[in-house]
Amino acid sequence: MNCKGAEILINSLKEQGVDTIFGYPGGVVLPIYDVLYDSDIKHILARHEQGAAHAADGYARASGKTGVCIATSGPGATNLVTGIATANMDSIPMVFFTGQVASHLIGRDAFQEADITGITLPITKHNYLVERTEDVEQVVKEAFYIARTNRPGPVVVDLPKDIMDKSIDFTSDKSEVFIHSYRVMKGFNAGQVINAVELIKQAQRPVIYAGGGVIISEASEELRELAEKRKIPVTTTLMGMGAFPGNNYLALGMLGMHGTKYANYAVSESDLLIAVGVRFDDRVTGKIEAFAPHAKVIHIDIDAAEIGKNVAVDIPIVGQVKEVLQAINQRLEAVEELSEWHHTIDRWKLEYPLRYPASCEGRIMPQHVIESIYDMTQGDAVITTEVGQHQMWAAQYYKFKNPRSFISSGGLGTMGYGFPAAIGAKIARPDMTVIDIAGDGSIQMNIQELGTAMQYKVPVIVCILNNQYLGMVRQWQGLFYKKRYSNTDISLQPDFVKVAEAYGAVGMRVTETDQVKDALREAMKVGDRPVFIDFVVEREADVYPMVAPGESLINMIGGDE
Amino acid sequence: MKHTLAVTVDNKPGVLTRVTTMFRRRGFNIDSLTVGATENPTISRMTIVVEGDDQIIEQVTKQLYKLVNVIKIVDVTNERAVERELVLIKVKADASVRAEVMQIVEIFRARIVDIGKNNLIIEVTGDSAKIDAIEEALRPFGISELVRTGKIAMLRGGCKG
């Protein structure tokens, strides 16, 4: 059959089961958009390529499928860069297609030419510049295979215009992907599993430290079985929120810089740390020499390079988290008794609960908004966040019950992520209430995606915790720079209610604590368009407790009120 | 200490950049790097000399393996391996010292490959220690130019590195 490169591309996407892609057209991707015009693949037109990238990312995180995004060459491609780096840091399976100038123009500084494979080399799992129309199908197959297997990550495929335009005699190759230098990880070291089981049996003060790898590996059930069988308390990273039910009696909440005191104390006092699908990030460990100083460490991860990268471990187990946990669970008997360790932790929970002061200005406390969102949804919602104080409050005060219910830029910390990600998540999970918890700074970074949400009638709820500051930076200036609030006051801002209304969306403003739940209730009834709720909150509320950067986890400040 | 890694990679455009980008991004230091064709035209061989303790070398190896185009890595540092480097040295040697220089060349089994009025170009192959030694011996005469290829290495015996 005679096929154009662009037709082969779209056909290959269908072969991969792709039904929704996010993107933005432009000159050199015209051949692809022309094929899309007749295709049953749903294309979501964003209002900025970064929005398209984050929406595809939110779609991937909410559904577990591979997110697909497309943009034109040059500025279209470079606008994806933040989205690609965000996905890379959080190990999200994504394939980005970028247009490229025609092959004969590459390297000649042609109009809208950018070396996107060069630019994205350090922020992708792999990337391709397709050189022949004959290679299109194979490259697409490899790209999806690499993106979703082992430790997932983004793959960029750069497509020169002439390669998409050219027609060739084409027969689809249905064979399995085989890449001689890339093998999918199978199995694990059974001897290490036995060693791990022995350590678990002997441990007096064990703690499970669970991360995003549990969610990627769909191992939440296995994690819960291990924890409940052996009565092991579980703390999760930001990326691990939802991997273990936040309302379970063994849940310690988040650990690290803005973790709960009891989680950080438990890790610091533990004699066995079972690290599952985590990478010992500096925001988690604080001062690395003082992290879990009394503990033997079992580290389970799919990525061998994570073992020993930041901390020395006693028992490394490289493999699929799900399979490894199953093997460990099989070898462990249940224990019934709660031990002294649980009593100690219960005492910490009583003595150092998460708490926040009453407002000095009579305004809404931002933490109260999060608690109200939890009360209204009971954890049955997908929560996305932007980055900053509101993100940490969301992680602290919302009890995530299910995997894929918390979607946030953990590794890169991308402001402007949450709103487009919420749009993608809602498209993936139309059955779920999707709420973006935002700050007034972050929401302005991709506010143009109101256009996308309106066009496709995506009813996401955006809760802006509006303190008229770049709050997290202001907090650090307050703590470490003598309250010199350099360039963090953003009180000159648009009327967010009117911005929403200008797009045809619903806008609300809430200034009184007793109106918070009513507003949320009303927003959840809307259902056919996005809702912005501008919560005017206490201006100088801080996120506590806090471990100052480079400090050990036991040296937490604040949160005593 | 210095480790010598024999790295087989796909012979495709951009693979060298992928490797060096990984080193740069993660802050590992390349002491020397050579790359060239092998008996198989689809595969290239890099010999990378890296300075670092065991933990660093382990990370370098694991991170290299994560690159899709890297096929195999062998740390030949403590293996029975043949290691060679080639160096060209231009040394000042007028008539008064030329005999002395030629004697050093003889001792190191090096070769004189060019003779000018006041200088010689000397070619030396050998392991790094030998090359360091001849460089040291020639330095007093005045080395005006020196170029080293970087190390290549191959395991002895039947197994393929």
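Both backbone and side-chain heavy atoms feed into the values below; hydrogens, waters and symmetry mates do not. Letters go in sequence order (proteins before strands), and every chain restarts at 1.
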Under a 4.0 Å N-O cut-off, is there an ion pair linking [X] with [Y]?
X        : Y        : value
B:Glu135 : B:Arg139 : yes
A:Arg279 : A:Asp301 : no
B:Glu123 : B:Arg111 : yes

So, for [X] and [Y], which heavy atoms are closest and what is the spacing to 0.1 Å?
X        : Y        : result
A:Val318 : A:Phe188 : O-CB, 3.6 Å
B:Lys62  : A:Ile307 : NZ-O, 3.0 Å
B:Ser44  : B:Val35  : CB-CG2, 4.3 Å

Decide side-chain contact (heavy atoms from CB on, under 4.5 Å) for B:Val15 and B:Asn11; before the verdict, give the C-alpha distance in whole Å, the side-chain angles of both, and the deciding distance to 0.1 Å. CA-CA 7 Å; B:Val15 174; B:Asn11 181 14; over 6 Å; no

Side chain [X], main chain [Y], donor-acceptor under 3.5 Å:
X        : Y        : value
A:Asp314 : A:Val297 : yes
B:Tyr65  : B:Ile71  : no
B:Ser32  : B:Gly150 : no
A:Ser73  : A:Gln112 : yes

Measuring from atom OG1 of B:Thr125 to atom CD1 of B:Ile131, what distance do you get when rounded to the nearest 0.5 angstrom? 7.0 Å

Please output the residues of [range] in contact with chain B, using a heavy-atom cutoff of under 4.5 Å, in numerical order.
range                       : result
residues 143-153 of chain A : A:Ile146, A:Arg151
residues 95-109 of chain A  : none
residues 113-134 of chain A : A:Leu121, A:Pro122, A:Lys125, A:His126, A:Asn127, A:Glu131

Could you give me the CA-CA distance, side-chain angles and deciding distance for A:Thr86 and A:Thr414, then say whether side-chain hydrogen bond (donor to acceptor under 3.5 Å, both in side chains) is met? CA-CA 7 Å; A:Thr86 302; A:Thr414 307; 2.7 Å; yes

Less than 4.5 Å to any heavy atom of chain A: does that hold for the side chain of B:Thr17, its backbone, both, or neither? both

What part of B:Val68 lies closer than 4.5 angstrom to a heavy atom of chain A: side chain, backbone, both or neither? both

I'd like to know which of B:Arg18, B:Lys66, B:Arg25 tops the heavy-atom pair count under 4.5 Å against chain A. B:Arg18

Sequence neighbours excluded, the answer for side chain to side chain contact (heavy atoms under 4.5 Å, CB included) partners of B:Ala153 is B:Thr4, B:Thr47, B:Val76, B:Glu83

